[in-house]
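Counting convention: from 1, in listed order, for ligands and their atoms alike. Nothing fancy with the numbering, it's 1 onward along the sequence.
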Amino acid sequence: MRKTVLDPQPGSYNIQNEWIEDEAFEWEDVHRHFSWYETGKVNMAYECVDRHVEDGKGDKIALTYFSDEERLTYTFSELQQEINQWANVLKRHGVKKGDFVFVFLPKHPQGYIAMFAAIKVGAIVGPLFEAFMEEAVKDRINDCEGQYLITNQTFMERVHQKEIPSLRYIFTTDEAKADNEIPIVKEAEQEEVTVDVEWVDLDDGLNIHYTSGSTGKPKGIIHAHRNMIQQYQTGRWVLDLKDDDVYWCTAHPGWVTGTVYGVFAPLLNGVTTVIHGGRFSAEAWYDVLETAQVSVWYSAPTAFRMLKAKGEDLQNRYDLSALRHILSVGEPLNPEVIYWGYESLGLRIHDTWWMTETGAQLIANLPTRPIKPGSMGRPIPGIEVAVLDEDGEKLPPYETGHLAIKHSWPSIMKEVWKNPEKYQSYFPYGEEWYIAGDLAYLDEDGYVFFQGRSDDMINSSGERIGPFEVESKLIEHPAVQEAGVIGKPDQVRGEIVKAFITLGDGYSFNDELQEEIRLFVKGKLAAHAAPREIEVLDELPKTQISGKVLRRELKKRESAAITS
Ligand code: WTA
């Protein structure tokens with residue numbers, strides 16, 4: 001019989017229970033861990049890198065990079081110098097406080113250096129996912145009229161400058177090919193290794209991530225430097241980081257997890273951080289875990305399910321004995337996967353819950369608490385959670401309703417770019433409760449059980465996909481007259497994108513056309529947004545009054561097809 005509660009594994013974690021469960025905890029208690037507590041001078045880049053050099057950790061490895069072709073390491077001193085040189089280049093070309101600097105680069109230390117250089121000069125950094133295609137890139141930069149981009153010539157093929165008129169300079173990590181291109185690596189070599197940090201206020205803009213909901217185009221969520229308070233602290237409590245850890249977060253910084261828990265949280269804690277260049281493969285990932293001697297590993301259920309599917313024989317070929325703490329985020333973590341980790345790796349997988357908008361983890365299975373497989377855990381100290389009914393009233397245990405977080409916490413978004421109504425929409429029952437858009441219930445111990453979304457947002461492999469964006473793209477294809485897009489349940493990816501379409505006159509559906517439509521979306525937006533399945537209907541279900549496609553009906557149709 002499998003246990004229904006997995007107890008903490010004494011000795012495997014760093015943080016002491018008594019301290020974590022201290023009810024008197026206030027977020028202000030964390031402030032004293034930052035240099036600005038004494039100096040009043042705030043900058044995320046400084047806290048992540050310079051502070052550690054000043055504390056005598058300059059020779060410690062900050063970044064260690066693995067790919068098929070290359071291995072690189074940067075000490076905190078080396079990282080600091082390179083960031084300063086890049087920051088000097090940015091400054092010299094006019095980048096200043098409050099400007100948007102987009103970073104479109106692969107998973108590589110240069111991506112980290114680019115982000116910190118932008119932050120150090122006070123700019124708001126916008127990391128773009130490496131697989132974004134031309135329209136995804138264009139829409140994001142255009143929305144906030146970004147003037148600066150850091151990229152390389154390969155990625156530039158997906159940057160259609162003529163359609164992004166606000167772009168002033170493009171900094172390239174390889175060569176420059178046009179007048180407005182600046183070879184940042186080459187120019188940085190000529191720069192001083194020190195820079196005047198742009199000191200900011202805790203509430204000044206730090207980063208922007210575009211994120212999808214069920215309607216409209218992705219919205220720009222802006223976060224502030226104050227995020228570091230919660231990101232540092234969750235790095236300690238939830239990631240359980242200690243000085244000699246080697247930490248690997250598998251997400252690209254274009255997703256919020258990759259920025260917050262791939263870049264900021266580990267470096268705020270001064271911990272050696274692994275970057276893996278290249279795509280997922282079970283062999284490559286096990287190899288990174290073994291070679292880098294990863295001790296703390298943050299990934300996602302789809303990846304764990306893929307590793308599980310590869311079997312134990314493969315896993316047994318690697319020495320994973322350095323691993324001591326595993327975490328998951330982004331999509332429901334099935335109990336099956338937790339038991340897989342427990343039985344094959346001898347470790348619990350700790351689920352964590354948060355959103356782009358929340359800026360840091362809010363609900364988690366802490367290493368010091370029992371895990372109930374199927375639950376995302378409990379709110380971390382300093383966070384209060386409730387489940388509300390349609391009128392905004394609290395529901396008792398085991399009743400499903402809207403997952404709500406007591407407003408406010410240090411890392412909540414600063415604003416939705418140019419969209420105050422959208423910001424307000426997270427507070428439908430007034431200022432007291434932030435409504436996530438997730439459905440959940442609590443048990444009698446306050447453990448949170450995720451039950452789905454209250455809107456049509458799709459979650460495929462932990463990536464958030466807005467059906468509207470995919471539908472809009474589909475109908476740009478000449479064969480597609482109308483489109484309705486839903487998430488279809490999937491064993492490995494949680495959900496896959498499924499499109500229902502009606503065809504224009506004169507078109508008939510076949511495998512070739514299906515593939516053409518799929519590639520059309522993939523080529524414009526990104527691979528993860530392209531429908532894996534397309535079904536043709538004579539007519540789409542619609543609301544009588546407004547004629548809007550009823551995605552709910554499509555979902556019902558799909559589940560009827562699965563169960564029949
Ligand atoms: C979902 C990712 C189940 C949820 C950090 C949320 C989860 C959305 C979990 C945010 C989890 C996140 N279990 N679902 N542990 N964590 N989600 O903005 O629906 O990309 O609202 O942030 O992912 O996705 P986002």
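Listed by number with element, the atoms of ligand 1 under 4.0 Å from a non-hydrogen atom of Thr257 are 5 (C). Less than 4.0 angstrom separates some heavy atom of Arg453 from each of these atoms of ligand 1: 19 (O), 21 (O).
Only the side chain of Phe450 comes within contact range of ligand 1, with a heavy atom under 4.0 Å; no backbone atom does. In Asn459, the part holding a heavy atom less than 4.0 Å from any atom of ligand 1 is the side chain. The side chain of Asp351, and not its backbone, has at least one atom closer than 4.0 Å to an atom of ligand 1 (non-hydrogen atoms only; side chain from C-beta on). Contacts of Glu463 with ligand 1, taken as heavy-atom pairs under 4.0 Å, are absent altogether. Looking at Met376 against ligand 1, only its side chain comes within 4.0 Å, counting heavy atoms.
When only non-hydrogen protein atoms are considered, atom 1 (C) of ligand 1 lies nearest to Gly330 O, 3.4 Å. Of all protein heavy atoms, the one lying nearest to atom 4 (C) of ligand 1 is Asp438 OD2, 3.0 Å. The single protein non-hydrogen atom nearest to atom 25 (P) of ligand 1 is Thr356 OG1, 3.5 Å, given as residue, atom name and distance. In this structure, atom 24 (O) of ligand 1 lies nearest to the protein heavy atom Arg464 CD, 3.4 Å. At the top of the distance list for atom 2 (C) of ligand 1, counting protein heavy atoms only, stands Trp354 O, 3.9 Å. Scanning all protein heavy atoms for the shortest distance to atom 15 (N) of ligand 1 gives Thr352 O, 2.7 Å.
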N/O donor to acceptor pairs below 3.5 angstrom from side-chain atoms of residues 108-115, sequence neighbours left out:
| from | atom 1 | to | atom 2 | distance (Å) |
| --- | --- | --- | --- | --- |
| His108 | ND1 | Gln110 | N | 3.0 |
| Tyr112 | OH | Gly262 | O | 3.0 |

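Put simply, no part of Gly437 is less than 4.0 Å from ligand 1, judged by heavy atoms.
Using the six-membered ring where Trp is involved, Tyr429 and His402 have ring planes that are tilted, between 30° and 60° apart. Taking the six-membered ring for Trp and thresholds of 30 and 60 degrees, Trp255 and Phe132 have ring planes more than 60 degrees apart, a perpendicular arrangement. Ring geometry for Phe304 versus Trp340: interplanar angle of 30 to 60°, hence tilted.
When ring centroids are compared, Tyr434 and His407 stay outside the 6.0 Å threshold. Here the two rings, on Phe66 and Trp248, have centers that are 6.0 Å apart or farther.
A salt bridge links Glu336 with Arg2; the closest basic N to acidic carboxylate O contact falls under 4.0 Å. For the pair Arg324 and Asp240, the salt-bridge criterion is met [side-chain N within less than 4.0 Å of a carboxylate O]. Electrostatic pairing of Glu553 and Lys556 counts as a salt bridge here, judged by a charged N lying under 4.0 Å from a carboxylate O.
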